[in-house]
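This report refers to the structure that appears directly beneath it.
Source: prediction; values computed, not measured. Heads up: numbering here begins at 1 and tracks the sequence.
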Amino acid sequence: EVQLQASGGGLVQADGSLRLSCAISGFRIDDDYAIAWFRQAPGKGREGVSGICISDGRKYYADSVKGRFTISGDVVKNTVYLQMNSLKPEDTGTYYCAAGRYTAIATLTYPSAVDYDWWGQGTQVTVSS
């Protein structure tokens, strides 16, 4: 059974940092899977923020987070991280990690929630100005 557990959210002031973790069981993160972080602000749809496919080395960042967020994976811990620096109030939202196979891998650089089959529970990130 595939399970994803997201953690690491919190309340932080603008320009602060947080590191989100997505602990995964049920598959190895270096197998053929795409793992992504989506966020959802109140009243808005789910937006793909960053994604990684460790098996082929590709990464994706939304334009709004490039240069501030870094996605990485720890194969030993089977965990994917999202390091978020220089946080802005517009980064506020519920962050979800998600995993998918074939379609998600193919569309890694333009992620869509419908392409991901497994989801963790959300972790709330609130950035105050």
Side-chain angles (χ1 to χ4, degrees):
E1 179 187 9
V2 174
Q3 292 187 331
L4 288 74
Q5 176 129 17
S7 62
L11 172 64
V12 64
Q13 290 188 327
D15 292 328
S17 298
L18 284 173
R19 188 178 79 158
L20 304 184
S21 300
C22 180
I24 295 169
S25 60
F27 68 86
R28 290 171 52 94
I29 62 172
D30 55 348
D31 283 344
D32 290 336
Y33 286 81
I35 301 151
W37 287 95
F38 289 80
R39 69 184 175 195
Q40 188 163 20
K44 294 190 176 181
R46 206 164 282 194
E47 171 195 17
V49 172
S50 183
I52 189 170
C53 183
I54 291 174
S55 63
D56 66 16
R58 290 181 299 144
K59 296 181 181 180
Y60 162 79
Y61 298 98
D63 288 343
S64 59
V65 307
K66 277 181 184 175
R68 301 188 297 121
F69 289 13
T70 303
I71 192 168
S72 63
D74 184 326
V75 176
V76 174
K77 294 183 178 180
N78 219 47
T79 298
V80 171
Y81 301 99
L82 185 67
Q83 177 68 44
M84 307 187 295
N85 299 329
S86 302
L87 283 161
K88 303 176 180 181
E90 51 264 43
D91 294 319
T92 294
T94 304
Y95 283 69
Y96 300 88
C97 60
R101 297 213 70 181
Y102 313 107
T103 304
I105 291 172
T107 61
L108 181 71
T109 57
Y110 45 100
S112 174
V114 298
D115 295 332
Y116 288 77
D117 298 310
W118 300 280
W119 290 81
Q121 86 290 2
T123 185
Q124 179 66 34
V125 172
T126 304
V127 184
S128 63
S129 58

Ignoring hydrogens, what is the shortest heavy-atom contact between [X] and [Y]? Give both atom names and the distance.
{"X": "S86", "Y": "S17", "value": "N-OG, 4.3 Å"}
{"X": "Q40", "Y": "K44", "value": "NE2-O, 3.0 Å"}
{"X": "A99", "Y": "F27", "value": "CB-CZ, 3.7 Å"}
{"X": "W119", "Y": "Y116", "value": "NE1-O, 3.2 Å"}
{"X": "P89", "Y": "T92", "value": "O-OG1, 2.9 Å"}
{"X": "G48", "Y": "A62", "value": "O-CB, 3.7 Å"}

Would you mind reporting whether [Y] and [X] have side-chain heavy atoms less than 4.5 Å apart?
{"X": "L20", "Y": "R39", "answer": "no"}
{"X": "S64", "Y": "E47", "answer": "yes"}
{"X": "R58", "Y": "I105", "answer": "yes"}

Spell out, as yes or no, whether a donor-acceptor pair under 3.5 Å connects the side chain of D30 to the backbone of I54.
no
Okay, side chain of Q121, backbone of A6: is any donor-acceptor separation there less than 3.5 Å?
yes
Verify the distance criterion only: is there a donor paired with an acceptor across the side chains of S55 and D32 at less than 3.5 Å?
yes
Would you tell me whether R19 and Q83 have side-chain atoms, one donor and one acceptor, within less than 3.5 Å of each other?
no
Gap separating the [atom1] atom of [X] from the [atom2] atom of [Y], nearest 0.5 angstrom:
{"X": "I35", "Y": "K59", "atom1": "CD1", "atom2": "NZ", "answer": "12.0 Å"}
{"X": "C53", "Y": "I29", "atom1": "SG", "atom2": "CD1", "answer": "11.0 Å"}
{"X": "T79", "Y": "I24", "atom1": "OG1", "atom2": "CD1", "answer": "7.0 Å"}
{"X": "L87", "Y": "S128", "atom1": "CG", "atom2": "OG", "answer": "10.5 Å"}
{"X": "C97", "Y": "Q5", "atom1": "SG", "atom2": "CD", "answer": "9.0 Å"}
{"X": "Q124", "Y": "L11", "atom1": "CD", "atom2": "CG", "answer": "9.5 Å"}

Checking salt bridge (Lys or Arg N to Asp or Glu O under 4.0 Å) for the pair D91/K88: CA distance, chi angles, key distance, verdict?
CA-CA 5 Å; D91 294 319; K88 303 176 180 181; over 6 Å; no
If you look only at pairs with a residue in residues 93-122, which of them pass as a salt bridge (Lys or Arg N to Asp or Glu O under 4.0 Å), with sequence neighbours excluded?
none
Same apolar cluster: L108 and V49, side chain cutoff 4.5 Å:
no
Test of understanding: clusters of I, L, V, M, F, W, Y form through side-chain heavy atoms closer than 4.5 Å, transitively. Do V65 and F38 belong to the same one?
no
Inter- and intrachain pairs under ring-ring contact (aromatic ring centres under 6.0 Å, His included), touching residues 58-105, at least two apart:
none
